[in-house]
Structures are given as C-alpha cells and as structure tokens.
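Report on the structure given below.
Counting starts at 1 for both ligands and their atoms, in listed order. Only a predicted model underlies this, so the values are computations on that prediction, with no experimental measurement involved.
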Amino acid sequence: MSDQSRLDSTPAGKVWNFILLGAPGVGKGTQAELLTKRFGAVQLSTGEVFRAAKKLPVSEQTPAIKEAISYMQAGNLVPDSTVVAIVREKLHCPELHRGLLLDGFPRTVPQAEALSDILNTENIPLDAVLSYELPIEQVLERLGGRRTCPKCGASFHIKDRQPRVKGICDQCGTELIQRDDDRPEAIRVRLETYDRKTAPLIEYYQKKGLLIRVECGETPQETFARTLQALKLA
Ligand code: ADP
Ligand code: ZN
C-alpha cells in the first residue's frame, strides 16, 4: 500500500500514533507540541527526558543517567540500551489510549526494532512516521542561533524568533542560554551522527509503508499546515 492510500480511509475521531523524524534543528520539538495540542496525544521526547534528568540533584542521578548526560553534552547519542529501557517504562502507561507522539526516538535501527516490540506488547499500532526535511544550511543557521530557557525549556532564535527583551525568556523572565549541544563542535558531531545512524530510518520506515515526508516551511505554522495536508487532515 502506498503512503497516501493508507491514510485515505482514516475515520474521524481516530487516535493517532506518530513518530517524528528529522535532523536536529528542523523544528521537530515545535511540531510535536502543535500536534499534541491538536490530537490530544501523549508526547514523549527523549531529548527532554535527558535534559530534565540533567537538572536533578546529582545525588538523585542514577549511574545510567549520569552516563547518558555525558554523552548528550558532547552531542553523541546515548546508548541504545539506556534509551530503550526509559521508553519501555514510559510507554507502559494507560494514558496512551489518547494516542502517542514520539519525538527524538527512535534514532537508530536497533532502537526502531526495540520500539516495534514494545508497541506490539502494548498493543499500539503505528500510523505514520513524519519525516521533516530542511536543507543543511538552514539546519546550521537554526541550531547555531538557538537560545533556550534553562528554567522552562522555551526556545528562541537570535534572528528568527527573538524574545521581547534580548537574552531573556518571554515566559518566565530567566536569562537565556545556548544549550551545550548547540555549540559548534557538538553541532558537527550531532549532524554526523544523524547522517550515519538516524537517516537510515527514513528508508527503514519507507519500506514498511509508514513514511510521510514533510518539507519544512518558513514558520512553524506553515510546517504544521503542511503536516496536516500530508496526513490528509486539511
Ligand atoms: P535534537 O535537538 O538534536 O533533535 P533532542 O533534544 O531530541 O535533540 O536530544 C538531545 C540529546 O539527547 C541528543 O543529542 C542525544 O544525546 C540524546 N538523545 C535523545 N534521544 C535519543 C535517542 N533516541 N537515542 C540516543 N540519544 C538520544
Ligand atoms: Zn523560561
């Protein structure tokens, strides 16, 4: 069955289970928020899970989490076994009857295989894998200019999405920072890792007939509109 014909018979009020794929910096996180609002699904962003763990007092960090944080700071992937264990635990959750949106997971073929087992066990059918595409120059621009609020997680850009007061979070007034992994050296590592380990998932899900490509627009709203069109919901 082709990507699109599978969606043609979508009943209204359907529960959606999605994966979002795409290089760092394409804006998956923002799309994840918009999709979650629209569909009421449960969102699981593994990057957020690790950033939240990093804020815990060191005494509460398990050895696996400490190790994960050190990989993350350098821009490297956290080992599959650690990520899969976290996702397995989080997906064992009654709330998932509302639907599921995975952002940042899976990121390797072994993670995708582990996910397929977990979804079978939890009886969750995967509907679509949205693959967000953006030229590399724009990816570099977005990541290098991104500034993040260390307190509430809100994200800004020095050119494209400036806060009302320079360097200060609109939502909570905290001073914005550049994420460790948005520094040039870590960006290089992340993009290389994406090409080597994550990009093969595009073909992996295409073969399964689940892949839907979305070209990123100029604004998050434009990209969201394209997403709904690609899902035949607009
Ligand atoms: P990005 O902005 O690069 O898309 P995320 O916010 O999704 O990044 O994740 C930040 C970091 O957390 C990654 O660079 C990686 O170190 C770690 N991480 C998140 N998800 C995974 C995963 N599925 N497998 C391995 N590492 C992960
Ligand atoms: Zn804030």
Side-chain angles (χ1 to χ4, degrees), residues 19-33 43-55 64-91 101-115 118 129-134 136 138-157 161 163-165 167-201 204 216:
I19 292 176
L20 305 192
L21 270 186
V26 299
K28 291 187 303 290
T30 314
Q31 294 306 310
E33 276 168 37
Q43 178 184 348
L44 176 55
S45 302
T46 42
E48 284 302 326
V49 171
F50 294 123
R51 277 190 289 281
K54 193 178 156 197
K55 287 192 211 151
I65 285 294
K66 283 196 186 112
E67 196 196 349
I69 292 168
S70 68
Y71 282 101
M72 182 177 79
Q73 273 169 331
N76 284 311
L77 291 185
V78 174
D80 287 341
S81 55
T82 307
V83 191
V84 168
I86 290 172
V87 171
R88 190 184 298 279
E89 196 180 308
K90 300 238 179 221
L91 292 191
L101 202 146
L102 287 170
D103 158 30
F105 182 91
R107 252 191 172 76
T108 64
V109 171
Q111 287 182 16
E113 280 164 356
L115 175 66
I118 299 172
V129 177
L130 292 163
S131 175
Y132 287 96
E133 302 181 348
L134 184 72
I136 180 78
Q138 286 182 48
V139 164
L140 290 170
E141 236 259 336
R142 288 191 185 185
L143 288 176
R146 180 156 71 179
R147 296 294 180 270
T148 312
C149 174
K151 188 158 174 223
C152 76
S155 181
F156 301 88
H157 191 278
R161 202 174 170 187
R164 282 191 298 270
V165 181
I168 302 292
C169 177
D170 284 354
Q171 297 187 26
C172 73
T174 306
E175 196 170 332
L176 300 175
I177 58 160
Q178 185 169 42
R179 261 166 55 176
D180 290 337
D181 60 350
D182 281 343
R183 294 177 198 280
E185 180 53 22
I187 290 178
R188 202 177 52 78
V189 176
R190 281 158 75 201
L191 291 177
E192 259 173 36
T193 307
Y194 175 81
D195 276 344
R196 210 159 22 94
K197 301 225 166 131
T198 310
L201 289 178
Y204 177 93
C216 292

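Listed for the Thr193 side chain is no donor-acceptor partner under 3.5 Å among the backbone atoms of Asn76. A donor-acceptor pair is defined here as one N or O able to donate and one able to accept, closer than 3.5 Å; such a pair exists between the side chain of Thr46 and the backbone of Gly104. Although no hydrogens or angles enter the test, the distance criterion places a donor-acceptor pair under 3.5 Å between the side chain of Arg142 and the main chain of Val26.
Taking distance alone, with nitrogen or oxygen atoms compared against 3.5 Å, Val78 approaches ligand 1 more closely than that limit. Between Glu48 and ligand 1, not a single N/O pair is under 3.5 Å apart. Considering backbone and side-chain N/O of Tyr71, none are found under 3.5 Å from N/O of ligand 1.
The distance from ligand 1 to the heavy atoms of Lys28 drops below 4.0 Å at these ligand atoms: 4 (O). Counting the atoms of ligand 1 from 1 in the order shown, those under 4.0 Å from a heavy atom of Thr46 are 19 (C), 20 (N), 21 (C), 23 (N).
Annotation: side chain of Gln43 is not in contact with side chain of Glu48 (no heavy-atom distance under 4.5 Å). Taking 4.5 Å as the limit, some side-chain heavy atom of Leu201 sits within range of a side-chain heavy atom of Val109. Side-chain contact check for Arg146 versus Ile187: every heavy-atom pair is 4.5 Å or farther apart.
A distance of 7.5 Å separates OG1 in Thr148 from CZ in Arg51, rounded to the nearest 0.5 Å.
Shortest contact from atom 16 (O) of ligand 1 to any protein heavy atom: Asn76 O, 2.6 Å. What sits closest to atom 3 (O) of ligand 1 on the protein, heavy atoms only, is Arg190 NH2, 2.7 Å. In terms of protein heavy-atom proximity, atom 11 (C) of ligand 1 is closest to Met72 CG, 3.6 Å. Gln111 NE2, 2.9 Å is the protein heavy atom nearest to atom 24 (N) of ligand 1. The protein heavy atom nearest to atom 8 (O) of ligand 1 is Arg107 NH2, 3.1 Å. Annotation: atom 9 (O) of ligand 1 to nearest protein heavy atom, Gly47 CA, 3.3 Å. Atom 10 (C) of ligand 1 has Arg51 NH1, 3.6 Å as its closest protein atom, hydrogens excluded (heavy atom only). Atom 27 (C) of ligand 1 has its closest protein heavy atom at Phe50 CE1, 4.0 Å.
Residue Gln73 does not touch ligand 1, judged by heavy-atom distances below 4.0 Å. With a 4.0 Å heavy-atom cut-off, ligand 1 is reached by the side chain of Arg146 but not by its N, CA, C or O. Residue contacts with ligand 1 for Val83 involve side-chain atoms from C-beta outward but no N, CA, C or O (heavy atoms, distance under 4.0 Å).
Atom CD of Glu175 has 12 or fewer neighbouring heavy atoms from other residues, nucleotides or ligands inside a 6.0 Å radius.
In this structure, Lys54 has no heavy atom closer than 4.0 Å to ligand 1.
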Exercise. Would Leu44 and Leu91 satisfy side-chain contact (heavy atoms from CB on, under 4.5 Å), going step by step from the backbone distance to the final call?
Worked result: CA-CA 9 Å; Leu44 176 55; Leu91 292 191; 4.0 Å; yes
For this session: Assess whether side-chain contact (heavy atoms from CB on, under 4.5 Å) is satisfied between Gln171 and Lys151, documenting all intermediate values.
Result: CA-CA 10 Å; Gln171 297 187 26; Lys151 188 158 174 223; over 6 Å; no
Exercise. Gln178 and Arg183: side-chain contact (heavy atoms from CB on, under 4.5 Å), yes or no, with the steps?
Worked result: CA-CA 7 Å; Gln178 185 169 42; Arg183 294 177 198 280; 3.7 Å; yes
For this session: Decide side-chain contact (heavy atoms from CB on, under 4.5 Å) for Leu191 and Ile136; before the verdict, give the C-alpha distance in whole Å, the side-chain angles of both, and the deciding distance to 0.1 Å.
Result: CA-CA 9 Å; Leu191 291 177; Ile136 180 78; 3.9 Å; yes
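Protein N, O or S atom count below 2.8 Å of the Zn ion (ligand 2): the structure gives 4.
Salt-bridge check for Arg190 with Asp182: passed, with a basic side-chain N closer than 4.0 Å to an acidic carboxylate O.
Taking both residues in full, the closest heavy atoms of Lys28 and Gly22 are given as NZ-O, 2.9 Å, listed atom of the first, atom of the second, then distance.
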